[in-house]
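Heads up: numbering here begins at 1 and tracks the sequence. Since we're looking at a predicted model, the values are computed, not measured.
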Amino acid sequence: MATVSERISYLMEENHYSLAELCMRAGLREEHLAAILAHKQELSHQDAVDLSRFLGADASYLEGREKAYYLAYRPIRLRLNDQGLSPIDIHEQLLIPGCLEVMDFTCILYERKDEEWGHHDQQVLLVSQSQSDGYYLVEADGQIVEATQINQCMYRHHQLLQYNQVLYKIESFSLNLEDLLRKLTHDIQEGTLEFTL
């Protein structure tokens with residue numbers, strides 16, 4: 001797990017804030033935030049709330065006490081649709097699993113239908129360069145497809161993929177908040193809600 005200082009420092013850099021500018025915007029003294037970043041002072045809950053408005057991650061994440069999920073406003077640089085990967089430049093507020101640090105993944109907007117995975121209407125893939133078993137985006141036969149790695153072998157539709165180039169490991173799907181509210185409302189109406197924060 002990243003330290004409070006590492007999380008704040010990464011988000012400052014990603015959002016192009018100097019120490020002075022962030023302190024001015026968040027209403028903190030420079031010496032106070034510098035002491036927090038140097039592990040000489042604790043980050044209070046109010047400090048975390050004030051910083052969260054500008055760093056794009058909720059206060060619980062900045063404090064290091066996030067639960068199963070936390071909210072963060074993340075950049076999305078790639079879109080994956082039937083034409084392949086293409087660059088985009090948008091930001092979305094996403095619900096992120098607490099086991100993932102903001103610095104450990106990249107976001108891809110996923111706009112495809114896959115026979116094996118079903119339809120994911122504009123979900124965001126949280127991807128990394130990890131090599132462990134799990135779900136992957138790979139290039140095979142000139143196309144970008146989803147595959148599963150088991151014991152360092154890549155499979156698609158239960159068939160071994162012989163020749164492929166691994167692009168990203170899919171760490172998680174993140175619904176945007178509008179989709180999440182729609183899903184929760186549907187699950188509550190159907191009496192099938194199993195999702196807890």
Side-chain angles (χ1 to χ4, degrees), residues 1-2 6-7 10-11 13-14 56-58 60-61 66-184 186-187 192-197:
M1 294 295 287
E6 287 169 337
R7 290 176 175 189
Y10 177 84
L11 288 166
E13 185 177 322
E14 183 179 78
D58 69 25
S60 70
Y61 178 75
E66 71 282 356
K67 297 186 179 161
Y69 291 86
Y70 63 94
L71 289 171
Y73 193 63
R74 305 303 301 142
I76 302 173
R77 304 289 185 223
L78 292 169
R79 169 188 281 135
L80 178 60
N81 55 27
D82 293 334
Q83 282 73 50
L85 281 171
S86 58
I88 57 170
D89 187 11
I90 59 174
H91 284 70
E92 288 271 348
Q93 188 165 25
L94 303 172
L95 196 62
I96 298 166
C99 60
L100 291 178
E101 297 283 356
V102 290
M103 60 280 282
D104 292 342
F105 64 87
T106 304
C107 298
I108 297 176
L109 187 62
Y110 183 88
E111 301 178 318
R112 307 174 61 162
K113 179 166 179 152
D114 182 83
E115 307 82 36
E116 190 167 347
W117 289 16
H119 186 54
H120 302 287
D121 184 26
Q122 284 221 327
Q123 280 194 341
V124 176
L125 301 181
L126 309 182
V127 300
S128 74
Q129 297 296 325
S130 172
Q131 300 298 314
S132 57
D133 284 354
Y135 300 111
Y136 281 81
L137 290 176
V138 301
E139 191 169 337
D141 298 325
Q143 290 191 320
I144 297 172
V145 296
E146 298 79 21
T148 305
Q149 179 173 290
I150 303 169
N151 296 326
Q152 299 181 344
C153 294
M154 204 64 76
Y155 297 89
R156 178 165 168 79
H157 299 308
H158 309 291
Q159 303 293 317
L160 182 65
L161 286 177
Q162 295 291 347
Y163 306 103
N164 64 82
Q165 177 188 356
V166 173
L167 301 176
Y168 299 102
K169 180 175 184 205
I170 300 170
E171 298 290 350
S172 179
F173 290 94
S174 179
L175 293 169
N176 68 33
L177 293 183
E178 188 178 323
D179 289 339
L180 175 65
L181 289 173
R182 194 178 300 116
K183 179 186 183 320
L184 290 175
H186 175 267
D187 289 354
T192 59
L193 182 65
E194 295 178 4
F195 183 81
T196 56
L197 289 176

[Y] side chain reached by [X] side chain, heavy atoms, under 4.5 Å:
{"X": "I96", "Y": "R74", "answer": "yes"}
{"X": "C107", "Y": "R77", "answer": "no"}
{"X": "D133", "Y": "T148", "answer": "no"}
{"X": "L109", "Y": "L80", "answer": "no"}
{"X": "L100", "Y": "L126", "answer": "yes"}
{"X": "F173", "Y": "L125", "answer": "yes"}
{"X": "L11", "Y": "V102", "answer": "yes"}
{"X": "Y110", "Y": "V124", "answer": "no"}

Those residues that, when tested against S172, pass side chain to side chain donor-acceptor pair (under 3.5 Å) (two or more places apart):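 For S172, no residue satisfies side chain to side chain donor-acceptor pair (under 3.5 Å) once neighbours in sequence are set aside.
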Residue list, side chain to side chain donor-acceptor pair (under 3.5 Å) with S86, at least two apart or on another chain: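 Partners of S86 by the side chain to side chain donor-acceptor pair (under 3.5 Å) criterion come out as none, since no residue qualifies.
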Which pair of heavy atoms, one from [X] and one from [Y], lies closest together, and at what distance?
{"X": "E6", "Y": "M103", "result": "O-CE, 3.7 Å"}
{"X": "A2", "Y": "R7", "result": "O-NE, 3.7 Å"}
{"X": "L160", "Y": "C153", "result": "CD1-CB, 3.8 Å"}

Any luck finding a side-chain donor-acceptor pair between [X] and [Y] under 3.5 Å?
{"X": "S128", "Y": "S130", "answer": "no"}
{"X": "Y61", "Y": "E101", "answer": "yes"}
{"X": "E66", "Y": "S60", "answer": "no"}

Supply the atom-to-atom distance [X] [atom1] to [Y] [atom2], rounded to the nearest 0.5 angstrom.
{"X": "L137", "Y": "I108", "atom1": "CG", "atom2": "CD1", "answer": "5.5 Å"}
{"X": "Y136", "Y": "Q165", "atom1": "OH", "atom2": "CD", "answer": "14.0 Å"}
{"X": "L85", "Y": "L78", "atom1": "CG", "atom2": "CG", "answer": "5.5 Å"}

With side chain to side chain contact (heavy atoms under 4.5 Å, CB included) as the criterion, how do M154 and V138 come out once you've worked through the C-alpha distance, each side chain's angles and the decisive distance to 0.1 Å? CA-CA 9 Å; M154 204 64 76; V138 301; 3.9 Å; yes
Distance-only, no hydrogens or angles: does the [X] side chain make a donor-acceptor pair with backbone N or O of [Y] under 3.5 Å?
{"X": "D58", "Y": "L71", "value": "yes"}
{"X": "N81", "Y": "Q83", "value": "yes"}
{"X": "Q149", "Y": "Q131", "value": "yes"}

Could you please spell out the steps behind the side chain to side chain contact (heavy atoms under 4.5 Å, CB included) verdict for Y73 and E92? CA-CA 5 Å; Y73 193 63; E92 288 271 348; 5.9 Å; no
Which is it for Q129 and K169 under the side chain to side chain contact (heavy atoms under 4.5 Å, CB included) test, yes or no, and what are the steps along the way? CA-CA 6 Å; Q129 297 296 325; K169 180 175 184 205; over 6 Å; no
For side chain to side chain contact (heavy atoms under 4.5 Å, CB included), just list the numbers for N164 and V145, CA-CA rounded to whole Å, side-chain angles, deciding distance to a tenth of an Å, and then say yes or no. CA-CA 10 Å; N164 64 82; V145 296; over 6 Å; no
Salt-bridged, E146 to R156, with N to O below 4.0 Å? yes
